[in-house]
Amino acid sequence: MGEVGKGTPEDWQARLEQLAPELIEELCVKKEPDKGLKPLEKAECGNVVMRFAPNPNGPPTLGSTRGIIVNSEYVKKYDGKFILRFDDTDTQTKRPMLEAYDWYIEDCNWLGAKPDEIVIASDRVPLYYEHARTLIEGGHAYVCFCESETFKKLKDAKEACPHRDISPQENLEQWDKMLSGGYPEKSAVLRIKTDIKHKDPALRDFGAFRILKMPHPRPEVGDKYVVWPLLDFEGAIEDHVLGMTHIIRGKDLMDSEKRQTYIYKYLGWDYPVTTHWGRVKMHEFGKFSTSGLRCAIEEGRYNGWDDPRLPTVRAIRRRGIQPEAVRKFMIDMGVGETDISISLDTLYAENRKLVEPKANRYFFVWDPVELEITGANPCIANPPLHPTENRGCREIDVNSKILVCKEDVEKLATGSKIRLKDLYNVEVTSMEPLQVHYLDDSIASAKKDKMRIVHWAPVDGIPVKVLSPDGEFTGIGEKRIATELDKVVQFERFGFCRIDSVGEEVVAYYTHK
RNA sequence: GCUCCGAUAGUGUAGCACGGCCAAUCAUGCAGGACUCUCACUCCUGCGACUCGGGUUCGAAUCCCGAUCGGAGCACCA
């Protein structure tokens, strides 16, 4: 051993060649970093079933896309099955929103994550009752009439409540009475027996069903049921019945798995492979709660669920973010247990790569100021639609007046020379009123004199309104913008925008710089 | 109070299961420069991290212990 530390690398190589030449090749193989998502534990191609299970109590947000994209991406990778399941069994606190069901389906499709199957929990309540009955019969569940406060105290003291040891027969009767509406709201819950002395208080006898007399918002369900399952129960049953092999969910649900394991044990089922991820916060968006947002929208502080200031999928879609960019962004983020706080810059950079070659260029002048040109004949300007992709030119008639941005004018003084982009060079002859005199067409002389290059718009252009997260911009743009409905364009020296509507005026949604 | 989890550049991420390929990957960001009739794109160059302290070992980002910081659960919410 002592001699190992001595000698040069060359000596070592020579020694190794003598001793074990086969090792050399092995050492030369560099570990390849894995691209994309890490492999799933115990996953067999063709047998993977995963799900995204939201409560449709509001529209999908950028946060939801992580669950949609990563789950569906894994399923694609293993040629499995992707299920969209609506966990909509709370008619009260997180009451489902009727429109949101379709929004989720729509947004999944848009993101390239079309579900292979769609399941709505509120349609399957009898299934949950059935398993609840089995558990009661087996003595693994009981109807508890404690007030929540009382139960909490007992639980914290590791003490069983008086209802815990009632016989299955009696429990069954009480359960039936519960189902038929024989008890008032909040007077009874069905609990799953775990271990009342478990060292972790979160795992001691947890609730599985409660009485909720508020009807379900879905008309096909309405007031059919008064007993509704809680998430841990509903999810546990569904995940097994639907054949889930792998689950990825929030770290906050870690104890959920431990609780659900009791149910699985009682029913003789195997628990799916579970992974957890941390919370994602976006720098650009403050804290939004679905209920808070709803109020704000109703009060008119936002224009709707697709207001460009909101982190909803509908909003970013309207802004011209491409689904592929969101996918790449979320997949690159991977599945980590750390809580993260990310910036949308990375998403924008991803999107820019996608949109840059496609977007036609146009002039849009915000805060327009009229500028009079002397000494030039009327002409037609021909700026290219794209600087590198050979896609032809736009045509803009230029007479004696054009519009330029106020912020550009503020940098001028009598005598300044500027280049009107893709047009010609001028010199300012008067500031009030703003007048310029034609100099020449040569780009070379513009460069030689280091003139500022300023974009402009025709006075008879089309009014344009840009809605952005930072507010509204209004001005005038080239008429041809009206032909780009639903496309992403680049307003030169401004940024990328998606043309949202075209009429008397063009409305554009700001994408990013 | 009880219980669980995590920590790599400004931000995210790879590497950690099995310690030497790590003088630590990639992306984004930032700074400087080239190109350009846009502040976009492209291309160069640069900046920047293993939370801390012990231990094991010839060798630790990787294993062990402790501390610190951060997050979460203990609902008749999801």
Side-chain angles (χ1 to χ4, degrees), chain A residues 1-2 4-5 26-31 33-35 38 41 53-57 87-90 92-96 144 146-148 151-152 155-156 158 185-191 198-204 206-212 227-228 230-232 234-235 249-256 258-259 276 278-280 283 290 328-329 332-334 336-350 352-353 355-357 359 361 363 383-384 386-389 419-425 443-444 446-447 451 453-455 490-496 512-513:
Chain A
M1 254 314 176
V4 172
E26 200 180 314
L27 285 171
C28 288
V29 180
K30 253 268 192 205
K31 273 186 204 162
D34 281 333
K35 282 275 172 227
K38 283 186 226 170
E41 218 180 295
N55 174 8
N57 64 335
D87 285 347
D88 61 343
T89 57
D90 179 9
Q92 213 159 43
T93 320
K94 290 191 176 168
R95 190 171 169 78
C144 173
C146 293
E147 298 250 332
S148 59
F151 184 80
K152 185 176 164 37
K155 185 198 66 188
D156 286 346
K158 299 186 178 179
E185 204 166 69
K186 305 222 166 187
S187 65
V189 294
L190 186 78
R191 284 188 196 288
H198 198 288
K199 64 171 180 166
D200 184 348
L203 301 190
R204 299 172 198 153
F206 61 94
F209 287 85
R210 83 300 212 184
I211 302 169
L212 237 42
V227 174
W228 289 94
L230 272 334
L231 177 75
D232 282 339
E234 179 266 328
R249 62 173 152 211
K251 235 184 7 178
D252 50 327
L253 262 32
M254 265 179 167
D255 290 333
S256 214
K258 293 178 189 155
R259 286 191 284 259
H276 300 96
R279 262 230 174 294
V280 183
H283 292 327
T290 309
K328 177 119 196 331
F329 180 63
D332 281 355
M333 204 152 78
E337 281 195 19
T338 328
D339 293 322
I340 53 177
S341 178
I342 50 164
S343 158
L344 254 26
D345 283 342
T346 317
L347 173 65
Y348 293 159
E350 220 57 75
R352 198 176 289 117
K353 284 179 204 159
V355 131
E356 211 280 334
R361 271 48 175 179
F363 290 152
H386 193 279
T388 53
E389 313 276 316
R419 168 77 180 179
L420 295 171
K421 189 170 186 295
D422 299 303
L423 187 59
Y424 43 59
N425 307 326
I443 183 67
K447 281 187 179 169
M451 295 182 199
I453 296 167
V454 167
H455 73 292
Q490 189 200 44
F491 291 149
E492 299 197 52
R493 303 213 297 148
F494 181 77
F496 293 93
H512 47 64
K513 205 171 75 178

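Bear in mind the structure is a predicted one, so any value in this text is a computation, not a measurement. The sequence lines fix the lettering, A, B, ..., with proteins before strands; numbering per chain opens at 1.
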*Asks:* Taking atom P in both B/C26 and B/A49, compute the distance separating them and give it to the nearest angstrom.
*Replies:* 16 Å
*Asks:* Between A/D339 and A/K251, does any side-chain N to carboxylate O distance fall below 4.0 Å?
*Replies:* yes
*Asks:* Please determine, for the side chain of A/I340, which listed nucleotide (B/C76, B/C74, B/G12) has the closest atom?
*Replies:* B/G12
*Asks:* Between P on B/A72 and NE2 on A/H276, what's the gap in Å once rounded to a whole number?
*Replies:* 15 Å
*Asks:* Does the side chain of A/S341 get closer than 4.0 angstrom to OP1 or OP2 of B/G12 through an N or O atom?
*Replies:* no
*Asks:* Between A/L344 (CG) and B/U11 (C1'), how many Å, whole number?
*Replies:* 12 Å
*Asks:* Just by modelled atom types, is the A/G207 backbone N or O under 3.5 Å from a matching donor or acceptor in the A/R259 side chain?
*Replies:* no
*Asks:* Give one of base, sugar-phosphate or nothing for A/P384, where a contact means two heavy atoms less than 4.0 Å apart.
*Replies:* nothing
*Asks:* Closest to the A/K155 side chain: B/A75, B/U38, B/G15?
*Replies:* B/A75
*Asks:* Can you tell me the pairing partner of B/U62 across any strand shown, Watson-Crick or G-U wobble, with both distances under 3.5 angstrom?
*Replies:* none
*Asks:* Rounded to whole angstroms, how far apart are CD on A/E350 and P on B/U28?
*Replies:* 7 Å
*Asks:* Around A/E185, counting heavy atoms of other residues, nucleotides and ligands shown, do more than 12 lie under 6.0 Å from its CD?
*Replies:* yes
*Asks:* Counting any heavy atom closer than 4.0 Å, what does A/F496 reach on the DNA or RNA strands: base, sugar-phosphate only, or nothing?
*Replies:* sugar-phosphate
*Asks:* Please determine, for the side chain of A/I342, which listed nucleotide (B/U38, B/G12, B/G73) has the closest atom?
*Replies:* B/G12
*Asks:* On a whole-Å scale, what distance lies between the C1' atoms belonging to B/A27 and B/G73?
*Replies:* 34 Å
*Asks:* For B/A31, what is the paired nucleotide under Watson-Crick or G-U wobble rules, both distances under 3.5 Å?
*Replies:* B/U45
*Asks:* Which one is paired to B/C16, where only Watson-Crick or G-U wobble pairs with both distances under 3.5 angstrom count?
*Replies:* none
*Asks:* Work out how far the C1' atom of B/A9 is from that of B/U25, and round it to whole angstrom.
*Replies:* 12 Å
*Asks:* Are A/D90 and A/R210 ion-paired here, with the side-chain N under 4.0 Å from a carboxylate O?
*Replies:* yes
*Asks:* Provide the Watson-Crick or G-U wobble partner of B/A23, both distances under 3.5 Å; none if there is no partner.
*Replies:* none
*Asks:* Can you identify which nucleotide, out of B/U28, B/C37, B/A78, has its nearest atom closest to the A/D422 side chain?
*Replies:* B/C37
*Asks:* So, under a plain 3.5 Å distance rule, would you say the side chain of A/K421 forms a donor-acceptor pair with the base of B/C37?
*Replies:* no
*Asks:* For A/T89 and A/E492, find the nucleotide of RNA chain B closest to each by heavy atoms; which residue's nucleotide sits nearer the 5' end?
*Replies:* A/E492
*Asks:* Could you state the atom-to-atom distance from NZ of A/K38 to P of B/U25 in whole Å?
*Replies:* 18 Å
*Asks:* Using the C1' atom as the point on both nucleotides, what is the distance between B/C41 and B/G59, in whole Å?
*Replies:* 47 Å
*Asks:* Between A/A349 and A/K513, which residue's closest nucleotide on RNA chain B lies nearer the 5′ terminus?
*Replies:* A/A349
*Asks:* Does any nucleotide pair with B/U57 by Watson-Crick or G-U wobble geometry, both distances under 3.5 Å, and what is it?
*Replies:* none
*Asks:* Pick base, sugar-phosphate or nothing for A/R249, based on heavy-atom distances below 4.0 Å to the nucleic acid.
*Replies:* nothing
*Asks:* CZ of A/F491 versus P of B/C41: gap in Å, rounded?
*Replies:* 18 Å
*Asks:* Who does B/G70 pair with, Watson-Crick or G-U, both distances under 3.5 Å?
*Replies:* B/C5
*Asks:* With a 4.0 Å cut-off on N to O distance, would you call A/K328 and A/D332 a salt bridge?
*Replies:* yes
*Asks:* Going 5' to 3' along nucleotides 1-6 of chain B, which nucleotides have protein heavy atoms under 4.0 Å from the base (write B), which only from the sugar-phosphate (write S), and which from neither (write -)?
*Replies:* BBSSSS
*Asks:* Salt bridge check: are A/E356 and A/K353 linked by an N-O gap of less than 4.0 Å?
*Replies:* no
*Asks:* Roughly how many Å apart are B/U8 and B/C44, using the P atom of each and rounding to a whole number?
*Replies:* 29 Å
*Asks:* Counting the atoms with a prime plus P, OP1 and OP2 as sugar-phosphate, which does A/D87 contact under 4.0 Å by heavy atoms, base, sugar-phosphate, or nothing?
*Replies:* sugar-phosphate
*Asks:* As a test of reading the structure: which of B/A72, B/C41, B/U28 is closest to the side chain of A/E356, going by heavy atoms?
*Replies:* B/C41
*Asks:* Taking the side chain of A/H283 as its heavy atoms from C-beta onward, which of B/U11, B/A78, B/A40 lies nearest to it?
*Replies:* B/U11
*Asks:* Report which part of the nucleic acid A/L230 touches: base, sugar-phosphate, or nothing (heavy-atom distance under 4.0 Å, all strands).
*Replies:* sugar-phosphate
*Asks:* Rounded to whole angstroms, how far apart are CG on A/L423 and C1' on B/U38?
*Replies:* 15 Å
*Asks:* Does B/A23 count as syn, meaning its glycosidic angle lies within 90° of 0, or as anti?
*Replies:* anti
*Asks:* Quickly work out the A/D332 CG to B/A14 P distance and round it to whole Å.
*Replies:* 10 Å
*Asks:* I'd like the C1' distance from B/U11 over to B/C22, given in whole Å.
*Replies:* 22 Å
*Asks:* How many Å lie between CD on A/E389 and C1' on B/A40, as a whole number?
*Replies:* 13 Å
*Asks:* Whether A/R352 contacts B/C41 is assessed here as follows: a side-chain N or O lying under 4.0 Å from the phosphate OP1 or OP2. Is that the case?
*Replies:* yes
